[in-house]
Peer 1: 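Before we start, here is the structure in question, set down as structure tokens.
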Amino acid sequence: MSTPAILVTGGAGFIGSHTCKALAGAGYLPVTLDNLSRGNRQDVRWGPFVEADTRDTARVAAALRQHRVSAVIHFAAYAYVGESVEQPEIYYDANVGGLLSVLRACREAGVDKVIFSSSCATYGIPDAVPICEDAPQRPINPYGRTKLIGEQVLIDYARAYGMHHAILRYFNAAGADPAGELSEKHVPETHLIPLALMAAAGRIPRLDVYGTDYPTPDGTCIRDYIHVADLADGHRLALTHLLGGGADLELNLGTGHGQSIFEVLDAVRRVTGRSVPTRLCPRRPGDPPALVADAGRARRMLGFAPQHSGIETIVRHAAPSFGVEKRHEERA
Ligand SMILES: NC(=O)c1ccc[n+]([C@@H]2O[C@H](COP(=O)([O-])OP(=O)(O)OC[C@H]3O[C@@H](n4cnc5c(N)ncnc54)[C@H](O)[C@@H]3O)[C@@H](O)[C@H]2O)c1
Ligand SMILES: O=c1ccn([C@@H]2O[C@H](COP(=O)(O)OP(=O)(O)O[C@H]3O[C@H](CO)[C@H](O)[C@H](O)[C@H]3O)[C@@H](O)[C@H]2O)c(=O)[nH]1
């Protein structure tokens with residue numbers, strides 16, 4: 001039997017490149033389609049590369065046909081809340097327009113299985129944590145709205161066209177390939193763990209802590225940090241499920257455990273043995289106080305069980321990406 005080919009849009013990006021590695025390890029051929037607006041060509045190492053924009057329907061359809069693709073994993077999107085508030089047009093265009101184009105190409109090429117990168121941002125400010133999948137989805141920024149629209153498009157296309165889907169709502173992706181073949185990087189860099197490591201390394205003067213007056217035990221925001229290798233494995237499991245004829249899925253991918261900003265900074269100090277200079281700042285607009293997944297449905301439906309997602313492991317695997325020596329080499 002030939003190796004099933006999977007089109008991975010955004011496969012040159014952070015989560016996409018880690019997922020391509022996981023897919024190749026599981027016996028799939030990942031075909032990356034990326035416009036390199038925010039990804040890295042050198043991270044496309046586990047299958048062929050198509051440099052194209054998702055909105056170029058003809059190029060997407062040609063890639064699907066050329067590689068006889070069995071399913072699509074659609075990561076390609078812009079993913080910054082603040083930028084989406086400043087420039088909503090590029091978000092609706094790339095995120096919603098890109099998805100519509102990929103789905104049109106799928107229908108033309110006869111591909112009927114899609115895994116979609118959604119986000120905990122679709123929940124907005126939740127009434128309660130942990131957040132289960134049936135919680136109200138009330139996004140509070142354009143980025144979150146583009147992801148919710150994407151989910152709704154997929155649900156409508158399933159009913160009308162028989163297009164099968166797995167909607168995966170990631171919580172905070174972090175860390176890097178445990179084997180060190182890929183690093184944690186984002187363009188531009190705005191994420192907490194990378195910036196804390198850069199501050200520990202002396203690459204930036206300090207980390208700004210956005211808000212210490214939240215209604216949380218230490219006053220800082222709580223997030224559910226999930227290792228990118230665990231997210232990659234979640235995609236492998238969802239793909240196996242869909243290719244095996246399993247039902248459509250709408251799932252959180254998180255750990256079910258939250259860390260405050262101060263707890264993350266403590267982990268950075270413990271792992272690197274270095275201090276993290278900080279400056280206490282006002283809240284960043286649009287940050288919910290606490291986002292933690294109810295991870296039960298993914299466990300029940302897919303057997304999803306994060307292996308690397310302890311905060312110290314995440315920080316230890318991310319640290320080399322930012323030139324911070326690890327204090328406990330023997331634990332790598
Ligand atoms: N990082 C997180 O914590 C997080 C959380 C929830 C959801 N997500 C979602 O996961 C997906 C991947 O996120 P990431 O952190 O790996 O981001 P990333 O920016 O590293 O990767 C996105 C990739 O998509 C490509 N891309 C963007 N627009 C494109 C277009 N129109 N055509 C072709 N390629 C395009 C970029 O070049 C980049 O390589 C995104 O859909 C994001 O919204 C991420
Ligand atoms: O320099 C910084 C950077 C972040 N934070 C804080 O650290 C927490 C985590 O912030 P990140 O920017 O690392 O992550 P977000 O929770 O804002 O973002 C995540 O969720 C978003 C949707 O809400 C997107 O999906 C995004 O891709 C994903 O990383 C937040 O409370 C933030 O205010 C700081 O205090 N200082």
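Each ligand, and each atom within it, is numbered from 1 in the order the structure gives.
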Peer 1: Provide the number and element of each atom of ligand 2 under 4.0 Å from a heavy atom of Cys221.
Peer 2: 31 (O)
Peer 1: Mark the output for Cys120 as yes if a heavy-atom distance to ligand 1 is under 4.0 Å, and as no if none is.
Peer 2: no
Peer 1: Where on Tyr170 is there a heavy atom closer than 4.0 Å to ligand 2, on the side chain, on the backbone, on both, or on neither?
Peer 2: neither
Peer 1: Counting non-hydrogen protein atoms only, what is the nearest one to atom 27 (O) of ligand 2? Give residue, atom name and distance.
Peer 2: Ala79 O, 3.4 Å
Peer 1: Say whether Thr54, considering both its backbone and side-chain N or O atoms, lies within less than 3.5 Å of an N or O atom on ligand 1.
Peer 2: yes
Peer 1: So which of Tyr80, Tyr210, Tyr225 gets nearest to atom 9 (C) of ligand 2, if we judge by its closest heavy atom?
Peer 2: Tyr225
Peer 1: Starting from atom 22 (C) of ligand 1, which protein heavy atom do you reach first, and at what distance in Å?
Peer 2: Ala77 O, 3.9 Å
Peer 1: Which bit of Arg223 is near ligand 2, meaning a heavy atom under 4.0 Å away: side chain, backbone, both or neither?
Peer 2: side chain
Peer 1: Please tell me whether His74 and Thr9 have a donor and an acceptor in their side chains that are separated by less than 3.5 angstrom.
Peer 2: yes
Peer 1: Would Ala121 count as a contact residue for ligand 1, given that I'm defining contact as a non-hydrogen atom of the residue lying under 4.0 Å from a ligand atom?
Peer 2: no
Peer 1: Do me a favour and list the nearest non-hydrogen protein atom to atom 10 (O) of ligand 2 with residue, atom name and distance?
Peer 2: Arg284 NH2, 3.5 Å
Peer 1: Would you check whether Arg38 has a nitrogen or oxygen atom less than 3.5 angstrom from a nitrogen or oxygen atom of ligand 1?
Peer 2: yes
Peer 1: Below the 3.5 angstrom mark, is there an N/O of Tyr78, backbone or side chain, next to an N/O of ligand 1?
Peer 2: no
Peer 1: Take Ser117 and Tyr170 through the side-chain hydrogen bond (donor to acceptor under 3.5 Å, both in side chains) test and state the conclusion after the steps.
Peer 2: CA-CA 7 Å; Ser117 298; Tyr170 320 147; 2.7 Å; yes
Peer 1: For atom 36 (N) of ligand 2, what is the nearest protein heavy atom, given as residue, atom name and distance?
Peer 2: Asp208 O, 2.6 Å
Peer 1: Just need the protein heavy atom nearest to atom 20 (O) of ligand 1, so name the residue and atom and give the distance.
Peer 2: Phe14 N, 2.9 Å
Peer 1: At under 4.0 Å between heavy atoms, which part of Leu36 makes contact with ligand 1: side chain, backbone, both or neither?
Peer 2: backbone
Peer 1: Closest non-hydrogen protein atom to atom 24 (C) of ligand 2, residue and atom name please, with distance?
Peer 2: Tyr143 CE2, 3.7 Å
Peer 1: Hey, what do you get for CG (Asp266) to CD (Glu263), rounding to the nearest 0.5 Å?
Peer 2: 7.5 Å
Peer 1: For Phe171 and ligand 2, answer yes if some heavy atom of the residue is under 4.0 Å from a ligand atom, otherwise no.
Peer 2: no
Peer 1: If you measure every N or O of Asn35 against every N or O of ligand 1, does any of those distances drop under 3.5 Å?
Peer 2: yes
Peer 1: For this output row, return yes or no: ring centroids of Phe116 and His165 closer than 6.0 angstrom.
Peer 2: no
Peer 1: List the closest protein heavy-atom neighbour of atom 28 (C) of ligand 2: residue, atom name, distance to the nearest 0.1 Å.
Peer 2: His191 NE2, 4.2 Å
Peer 1: Among protein heavy atoms, which sits nearest to atom 11 (C) of ligand 1, and what does the distance come to when rounded to 0.1 Å?
Peer 2: Phe75 O, 3.3 Å
Peer 1: Establish whether Tyr210 and Leu197 are linked, either directly or via other cluster members, by ILVMFWY side-chain heavy-atom contacts under 4.5 Å.
Peer 2: no
Peer 1: How far is atom 33 (O) of ligand 2 from its nearest protein heavy atom, and which residue and atom name does that atom have?
Peer 2: Asp287 OD2, 2.6 Å
Peer 1: Can you list the atoms of ligand 1 that are under 4.0 Å from a heavy atom of Ala79?
Peer 2: 42 (C), 43 (O)
Peer 1: Determine, step by step, whether Phe75 and His235 satisfy the ring-ring contact (aromatic ring centres under 6.0 Å, His included) criterion, reporting the C-alpha distance in whole Å, the side-chain angles of both residues, the deciding distance to 0.1 Å, and the verdict.
Peer 2: CA-CA 11 Å; Phe75 290 106; His235 290 77; 4.9 Å; yes
Peer 1: Where's the contact between Asn172 and ligand 2, heavy-atom distance under 4.0 Å: side chain, backbone, both or neither?
Peer 2: side chain
Peer 1: So, does Gly98 sit close enough to ligand 1 that a heavy atom of it is under 4.0 Å from the ligand?
Peer 2: no
Peer 1: Looking only at protein heavy atoms, which one is nearest to atom 10 (O) of ligand 1, and what is the separation?
Peer 2: Tyr170 CE1, 3.2 Å
Peer 1: Is a donor on one side and an acceptor on the other found under 3.5 Å between the side chain of Ser84 and the backbone of Tyr143?
Peer 2: yes
Peer 1: Taking atom types as modelled and ignoring hydrogens, do the side chains of Tyr91 and Glu83 form a donor-acceptor contact shorter than 3.5 angstrom?
Peer 2: yes
Peer 1: Under 3.5 Å, N or O to N or O, is Tyr143 touching ligand 1 that way?
Peer 2: yes
Peer 1: Looking only at protein heavy atoms, which one is nearest to atom 23 (O) of ligand 2, and what is the separation?
Peer 2: Ala121 CB, 3.6 Å
Peer 1: What closest approach, in Å, do Glu181 and Arg45 show between heavy atoms, and which atom pair accounts for it?
Peer 2: O-NH2, 2.7 Å
Peer 1: Please confirm whether His191 and Tyr225 have ring centers closer than 6.0 angstrom.
Peer 2: no
Peer 1: Ile15 and Val228: which non-hydrogen atoms are nearest, and at how many Å?
Peer 2: CA-CG2, 3.9 Å
Peer 1: How far does CG of Leu192 sit from CD of Gln259, to the nearest 0.5 angstrom?
Peer 2: 10.5 Å
Peer 1: Please classify the Ala174 to ligand 1 contact at 4.0 Å (heavy-atom distances, strictly less than): side chain, backbone, both or neither.
Peer 2: neither
Peer 1: Return yes when atom CZ of Arg283 has more than 12 non-hydrogen atoms of other residues, nucleotides or ligands closer than 6.0 Å, and no otherwise.
Peer 2: yes
Peer 1: Please classify the Ile261 to ligand 2 contact at 4.0 Å (heavy-atom distances, strictly less than): side chain, backbone, both or neither.
Peer 2: side chain
Peer 1: Please tell me if atom 24 (O) of ligand 1 is touched by the protein, where touching means a protein heavy-atom distance below 4.0 Å.
Peer 2: yes
Peer 1: Is the shortest distance from a heavy atom of Asp34 to ligand 1 less than 4.0 Å?
Peer 2: yes
Peer 1: Would you say Ser37 has any N or O atom under 3.5 Å from an N or O of ligand 1, going by distance alone?
Peer 2: yes
Peer 1: Going by the atom numbers of ligand 2, which of them fall below 4.0 Å from some non-hydrogen atom of Thr190?
Peer 2: 3 (C), 12 (O)
Peer 1: Any chance the side chains of Thr57 and Arg104 put a donor and an acceptor closer than 3.5 Å?
Peer 2: yes
Peer 1: What's the shortest distance from atom 1 (O) of ligand 2 to any protein heavy atom, and which residue and atom give it?
Peer 2: Leu195 CD1, 3.4 Å
Peer 1: Taking the cut-offs as 6.0 angstrom to the six-membered ring centre and 45 degrees off its axis, would you call Arg203 and Phe322 a cation-pi pair?
Peer 2: no
Peer 1: Can you find an N or O of Ser119 that's nearer than 3.5 Å to an N or O of ligand 1?
Peer 2: no
Peer 1: Please check if the side chain of Asp224 supplies one atom and the backbone of Ala293 the other of a donor-acceptor pair under 3.5 Å.
Peer 2: yes
Peer 1: Between Gly39 and ligand 1, is there a nitrogen or oxygen pair with a distance under 3.5 Å?
Peer 2: yes
Peer 1: Quick one: do the Glu184 and Ser321 side chains pair a donor with an acceptor below 3.5 Å?
Peer 2: no
Peer 1: Look at atom 5 (C) of ligand 1 and say which protein heavy atom is nearest, naming residue and atom and giving the distance to 0.1 Å.
Peer 2: Phe171 O, 3.4 Å
Peer 1: Is the number of heavy atoms from other residues, nucleotides or ligands within 6.0 Å of CD (Glu89) greater than 12?
Peer 2: no
Peer 1: Closest non-hydrogen protein atom to atom 21 (O) of ligand 1, residue and atom name please, with distance?
Peer 2: Gly13 CA, 3.4 Å
Peer 1: So is Lys147 close enough to ligand 1, meaning a heavy atom under 4.0 angstrom away?
Peer 2: yes
Peer 1: Is the charged tip of Arg107 near the ring of Tyr161: under 6.0 Å from the six-membered ring centre and within 45° of its axis?
Peer 2: yes
Peer 1: Provide, to 0.1 Å, the distance between atom 44 (C) of ligand 1 and the closest protein heavy atom, together with that atom's residue and name.
Peer 2: Ile15 CD1, 3.7 Å
Peer 1: When you look for heavy atoms under 4.0 Å from ligand 2, do you find them on the side chain of Leu192, its backbone, both, or neither?
Peer 2: both
Peer 1: Identify the protein heavy atom lying closest to atom 3 (O) of ligand 1, giving its residue, its atom name and the separation to 0.1 Å.
Peer 2: Ala173 N, 3.0 Å
